Amino acid sequence: MCGIVGYTGKQECTDILINALSKLEYRGYDSAGIAVFENGCIEVEKSQGRLKNLVDKMDKGHKPVGVCGIGHTRWATHGEPSDVNSHPHGNKRVTIVHNGIIENYNEIKALLVKNGYVFESQTDTETVAKLLDFYYTGEPVDTIIKVIGEIRGSYALGILFADFPDTIFAVRKDSPLIIGKGKGENFIASDVPAILKYTKDYYLLESDEIAVIKPDEITFCDVHKNEIKKELQRADWDEDAAEKGGYAHFMLKEIHEQPTALKTTITPRVMDGMPFLEECGITVSMLEKVKNIFIVACGTAMHAGLVGKYIIERLARVSVTVDIASEFRYRNPIMGEDDLVILISQSGETADTKAVLQMAKERRTTTVSVVNVKGSSIARESDYVIYTHAGPEIAVASTKAYSVQLSVMYLFAFELAFAKGAINEDKVKELTKDLMNVPKVVEDTMNTMEDCQKIASKLVNSTSLLYIGRGLDYALSMEGSLKLKEISYIHSESYAAGELKHGTISLVTSDMPVIAIVTQKDLMEKTISNIKEVKARDGKVIVITQEDIEIDKEAYDYIIKVPAFNDLFMPIISSVVVQFISYYTAVLKGCDPDKPRNLAKSVTVE
Ligand code: F6R
């Protein structure tokens with residue numbers, strides 16, 4: 001969590017830092033701050049709240065002028081969101097920005113207090129800033145090495161030493177950091193979109209590597225001061241892709257980008273009509289041997305895993321357990337060398353998912369990750385990675401990343417089913433062909449936008465609602481429910497339709513809308529009976545179904561129909577509807593769908 005940036009070059013850098021931070025606000029927006037060398041001194045400006053507050057504050061007060069500086073956008077962990085807890089932290093000699101958590105900060109604080117230091121904030125970060133000051137000998141790299149030898153936890157640090165007014169020092173462990181390389185100017189950033197306006201070239205800093213960044217030179221070394229040569233990476237996202245492109249919000253733009261994202265993710269993984277995961281190193285002979293599968297992820301990514309379970313078990317007849325990473329890692333799961341752990345993560349940096357990856361490696365269980373951000377920790381550290389090609393997802397609520405994760409789950413299930421001999425080549429080809437048609441059907445489903453807007457106007461005054469479904473519809477209802485509550489703040493729960501009568505139906509009144517997803521023809525009659533039970537108790541029912549499914553008018557109040565297609569792929573197709581409903585409900589309620597309160601995009605804390 002938190003986003004950090006830095007610039008050193010020849011241009012006036014305050015606006016550059018602000019622009020770069022604006023691309024990282026998805027990582028947190030509890031406060032923002034910058035530190036810039038002005039006339040040889042480190043000048044800090046910071047403010048609680050969104051970046052705009054900082055900009056307004058500087059417009060009215062002091063806007064530092066200089067060509068080297070660092071910046072931060074915060075998602076609060078230690079210490080409430082406030083001006084004093086905002087980054088940067090430090091003093092006139094050493095000032096830092098930090099993304100991560102220092103676990104032993106209390107110990108370090110005690111040592112520093114004993115040595116006369118006085119603390120202003122409640123943050124863990126301030127201890128690092130003061131420890132750097134405490135050990136500073138005039139040689140920054142030695143000081144950094146000494147300090148990282150004493151701190152525990154995760155960190156990406158951008159550091160300014162007053163004695164080196166054109167230089168940014170950076171180091172990281174378990175929190176991401178890239179070093180952007182420009183012409184006569186260089187950058188640091190937590191993520192690529194922050195630097196795209198200025199350069200597409202960057203280096204990936206690995207854990208325990210230190211970078212020394214000057215306008216015309218970037219050097220890297222390890223904790224023994226051995227120089228490291230690194231390969232330059234080139235971003236294949238352009239700046240426009242990280243901008244709103246005319247849409248009111250990133251979320252709306254990202255919903256509309258799904259047909260392209262799906263096509264870009266699926267097409268390179270199909271060869272001669274068959275799924276082709278060999279490009280990711282995953283072969284049929286490797287899959288033949290797989291015994292049990294564990295799919296582990298958080299939030300929306302976990303919901304993609306639930307759909308994966310249904311289709312893998314149905315097609316490949318391999319047992320799949322899906323779990324939330326923060327639970328899985330502490331329940332001492334039984335997994336062995338013949339099993340496979342699939343980790344799904346948009347950011348590739350989610351702390352709990354990363355921890356499961358380490359656990360699987362310790363147990364020698366093969367790991368496959370499904371990740372959107374290239375070069376992220378989970379992608380790099382897993383045995384195999386299947387990249388989703390959604391492009392940058394900026395809105396906090398995941399949309400296109402979810403649908404492309406689903407498409408990978410399908411490809412994987414087809415290849416596994418083939419490897420296991422559970423379905424023959426003709427059937428695999430038939431399913432793969434349908435999957436290749438899904439982007440077009442998703443495109444057609446965009447026509448439901450107005451209907452979804454109307455449904456949103458019916459939900460906007462509700463305080464609580466239920467999402468129900470069976471089978472694959474239940475898996476999608478979990479995602480629909482999360483999407484709605486996270487951005488509209490309307491309490492919502494997802495229930496298996498058949499489970500309602502075992503308790504939850506007592507909540508149903510005329511004030512409690514029930515959204516029923518009814519796209520699976522083999523289960524449809526049973527779900528329709530369940531919604532009739534809701535109607536009989538005066539509940540308001542909204543049905544999401546396929547065009548070719550006829551449902552008795554008495555069973556619902558409102559209906560949204562998606563194009564008719566193979567039932568198996570309905571979670572991808574109908575996801576557009578649940579996304580639109582959530583988006584418009586949030587907008588009608590006056591909530592910012594791109595930046596829901598208390599949330600951040602990349603959850604790098606446990
Ligand atoms: C919800 C959402 C989150 C993420 C979760 C995992 O819309 O986006 O639930 O899915 O925080 O993040 P990643 O996929 O980056 O591991």
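Bear in mind that the values here come from a model prediction, so they are computed numbers and not experimental data. Just so you know, ligand 1 is whichever comes first in the structure, and atom 1 is the first atom listed for that ligand.
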Exercise. In terms of atom number and element, which parts of ligand 1 are under 4.0 angstrom from non-hydrogen atoms of Ser345?
Worked result: 13 (P), 14 (O), 15 (O), 16 (O)
Exercise. Do you see a donor-acceptor pair shorter than 3.5 Å between the side chains of Lys483 and Ser492?
Worked result: no
Problem set entry | Full working for salt bridge (Lys or Arg N to Asp or Glu O under 4.0 Å) between Glu393 and Lys400 | CA-CA 7 Å; Glu393 191 179 63; Lys400 60 178 180 170; over 6 Å; no
Problem set entry | Nearest protein heavy atom with distance in Å, relative to atom 5 (C) of ligand 1 | Cys298 O, 3.5 Å
Exercise. What are the two closest non-hydrogen atoms of Leu568 and Leu315, and how far apart are they?
Worked result: CD2-CD1, 4.3 Å
Exercise. Does an N or O anywhere in Thr300 fall below 3.5 Å from an N or O of ligand 1?
Worked result: yes
Exercise. Is it the side chain, the backbone, both or neither of Glu349 that has a heavy atom closer than 4.0 Å to ligand 1?
Worked result: neither
Exercise. Would a line drawn from the ring center of Tyr410 to the ring center of Phe569 be shorter than 6.0 Å?
Worked result: yes
Problem set entry | Identity and separation of the nearest protein heavy atom to atom 12 (O) of ligand 1 | Thr350 OG1, 3.5 Å
Exercise. Among Gln579, Glu393, Glu486, which one has a heavy atom closest to atom 1 (C) of ligand 1?
Worked result: Glu486
For this session: Examine Tyr402 together with His303 and report whether their ring centres are nearer than 6.0 Å.
Result: no
Problem set entry | atom 15 (O) of ligand 1 - nearest protein heavy atom and its distance | Ser347 OG, 2.6 Å
Exercise. Which heavy atom of the protein is the closest neighbour of atom 14 (O) of ligand 1, given with residue, atom name and distance?
Worked result: Gln346 N, 2.6 Å
For this session: Report yes or no: does a heavy atom of Asn372 sit under 4.0 Å from some atom of ligand 1?
Result: no
Exercise. When you look at Thr367 and Asp383, which way does the side-chain hydrogen bond (donor to acceptor under 3.5 Å, both in side chains) test go after all the steps?
Worked result: CA-CA 5 Å; Thr367 53; Asp383 297 320; 3.2 Å; yes
Exercise. So, Gln579 and Gln258: side-chain donor and acceptor under 3.5 Å apart, yes or no?
Worked result: yes
Exercise. Looking at CD1 of Ile312 and CG of Leu340, how far apart are the two atoms once the value is rounded to the nearest 0.5 Å?
Worked result: 8.5 Å
Exercise. Do Gln405 and ligand 1 have an N or O pair less than 3.5 Å apart?
Worked result: no
For this session: Decide whether Ser345 and Thr353 meet the rule of one side-chain donor and one side-chain acceptor closer than 3.5 Å.
Result: no
Exercise. Is it true that a side-chain atom of Arg27 and a backbone atom of Cys2 form a donor plus acceptor pair closer than 3.5 Å?
Worked result: yes
Exercise. Considering only heavy atoms of Ala301, which atoms of ligand 1 have at least one such atom less than 4.0 Å away?
Worked result: 10 (O), 14 (O)
Exercise. Non-hydrogen atoms of His303 versus ligand 1: any pair closer than 4.0 Å?
Worked result: no
Exercise. Which of the numbered atoms in ligand 1 are below 4.0 angstrom from a heavy atom of Lys483?
Worked result: 1 (C), 7 (O)
For this session: Indicate, as side chain, backbone, both or neither, the part of Thr353 found under 4.0 angstrom from ligand 1 when only non-hydrogen atoms are considered.
Result: neither
Seminar exercise, completed: Of all protein heavy atoms, the one nearest atom 11 (O) of ligand 1 is Val603 CG2, 4.0 Å
